[in-house]
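In what follows, a single structure is set out as structure tokens and then discussed.
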Number of protein chains: 2
Amino acid sequence: MTSAPQPPAHRASGRTGRPRSAEADRAILDATRAALVELGWGKLTMGDVAARAGVAKTTLYRRWAGKNALVVDAVADLFDEHLDLPDLGSLQADIEGVVLRFAALLDRPETKTALMAVVAESTRDEALRERIRSAIVERQKGLVLLGRERAQARGELPREDEPAVAARTADLIFDVIAGAVVHRTLVSAEPVDGEWARGFTALLIGGLASAGAAPPV
Amino acid sequence: MTSAPQPPAHRASGRTGRPRSAEADRAILDATRAALVELGWGKLTMGDVAARAGVAKTTLYRRWAGKNALVVDAVADLFDEHLDLPDLGSLQADIEGVVLRFAALLDRPETKTALMAVVAESTRDEALRERIRSAIVERQKGLVLLGRERAQARGELPREDEPAVAARTADLIFDVIAGAVVHRTLVSAEPVDGEWARGFTALLIGGLASAGAAPPV
DNA sequence: CTCTTTCGCTACGACTCGTAGCGTAACTGG
DNA sequence: CCAGTTACGCTACGAGTCGTAGCGAAAGAG
């Protein structure tokens, strides 16, 4: 009842009949983000989004199952735009870079509100959690794998032998980086600036080095 | 309009008139947690909580300003019960212990749902954020300080000279521990078991050791 | 030109919100 | 024992939101 079984946007074009307006899609997602900034999650209403987008309320419900699914898609767009990992030449610089970029993304009011609200709702909705995972989490995790690949090519990190261990380590690093930045930004409510990013990166790289040198019991 | 200016529970007892029922307080907070488990944040209604608690809806509004404030208090109770830091003899064991205890707390369905939802709402409500900070975050942060104190007494960690640096480091560690556990549990949706706790602790201690040995530029 | 699908619009019952008003219950100070 | 004061349960209310249904018109496909 909460999450959407239907595909997020356009379907296969072999269909007959009037096609869905792609422009309406954009307008709706833009309106969702704007309304999120002004009203927050709790006071965001479907009717308001429809009015902002210049679209009938029924059109919203034809495409998304409800507030949850709509907001997930609206936020996923932002992650598409702002998540990449430029090669900055060293592991230290790469991690600092991704930390700062992720922090900048979380600093946007529409992102911080929406992401947490959707995650909260996902604790009760398996389909919604899958949607978040594929739309947001997996893309971020790809950055971790890419960063490690580069660091190994540079010789900054040892190559893992066992793929199972390598996967576990990557998951761990991902949770540590994303978790620390999110917690600092949203719970502690203090800024992720260059100084914090340096301190955090030093901590993480130090841990990786020593953990690699002395593998766990 | 969202958060409560009034004190959470009992006022100074020098007052005249009928005192507030402490039993009702308990019943309401219990009912809130139960409803949270069954319905989730989105479908939780004040009327439903009142009915479960055997209390008039108006009584709820006399004590709390709304859903947000009510849920913060309901969850803060859980943190009171389950957060402490037994001395396990080593820094490694202490960290693993607190990670596992915190993870067990987050594994409760009422905690995971409520905490995220309240944090999400707090991004738009300064008073609510303060309430979360004093009711939950500061108590957790105390554990970090206590753990470091013990580790320094054991000689496992160097004593910080500058208090400013020491405070920054404590904040960093706090965000890393709490953030990683929360992210692993709620976003990655994978279990924090003994194996994960060992790997994480090894990473953290390694980082602390090397950061202490080679202070940041 | 017909068929199919989406569109905007209106209207609807069901539900929740937060407040107000009332009479009653509980406790305090004289 | 008797005001005075405060909290309580109950009922009722207007305002707002939800998600759906039904309609005629618009936009492409064959």
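Just so you know, these numbers use all the heavy atoms, side chains as well, and skip hydrogens, waters and symmetry mates. A note on names: the letters A, B, ... follow the listed sequences, proteins ahead of strands, and every chain is numbered from 1.
- Shown here are the side chain to side chain donor-acceptor pair (under 3.5 Å) partners of A:Glu190, two or more places apart in sequence or in another chain: there are none.
- Not counting sequence neighbours, B:Phe102 has no partner by the ring pair (Phe, Tyr, Trp, His ring centres under 6.0 Å) test.
- Each of C:dT5, C:dA25, D:dG19 was ranked by its minimum atom distance to the side chain of A:Arg18; first place goes to C:dT5.
- For A:Glu23, the side chain to side chain donor-acceptor pair (under 3.5 Å) criterion is met by no residue, not counting sequence neighbours.
- In this structure, B:Arg20 places its CZ atom 10 Å from C1' of D:dT6, rounding to the nearest Å.
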I'd like a list of close polar pairs between nucleotides 10-12 of chain D and the protein, N/O only, cut-off under 3.5 Å.
| from | atom 1 | to | atom 2 | distance (Å) |
| --- | --- | --- | --- | --- |
| D:dC10 | N4 | B:Thr58 | OG1 | 3.0 |

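- In this structure A:Thr113 satisfies the side chain to side chain donor-acceptor pair (under 3.5 Å) test together with B:Thr123, sequence neighbours excluded.
- Closest-nucleotide positions on DNA chain C for B:Pro19 and B:Gly47 were compared, and the one nearer the 5' end corresponds to B:Gly47.
- Per the geometry, CG belonging to A:Asn68 stands 9 Å off P belonging to D:dG19, to the nearest Å.
- Listed by chain and number, the residues in a ring pair (Phe, Tyr, Trp, His ring centres under 6.0 Å) with A:Phe79 amount to none (sequence neighbours excluded).
- Take the nearest nucleotide of DNA chain D for B:Gly17 and for B:Thr59: the residue whose nucleotide is more 5' is B:Gly17.
- Put simply, the side chain of B:Glu38 does not reach to within 4.5 Å of the side chain of B:Leu44, judged on heavy atoms.
- D:dA7 atom P lies 13 Å from atom CH2 of B:Trp64, rounded to whole Å.
- In this structure, CD of A:Glu23 is placed 11 Å from P of C:dG8, rounded to the nearest angstrom.
- Between the CG atom of B:Leu70 and the P atom of C:dC17 there is a distance of 11 Å, rounded to whole Å.
- Rounded to an integer number of Å, the gap from A:Met46 CE to D:dG16 P is 20 Å.
- A:Leu39 places its CG atom 14 Å from the C1' atom of D:dG16, with the value rounded to the nearest Å.
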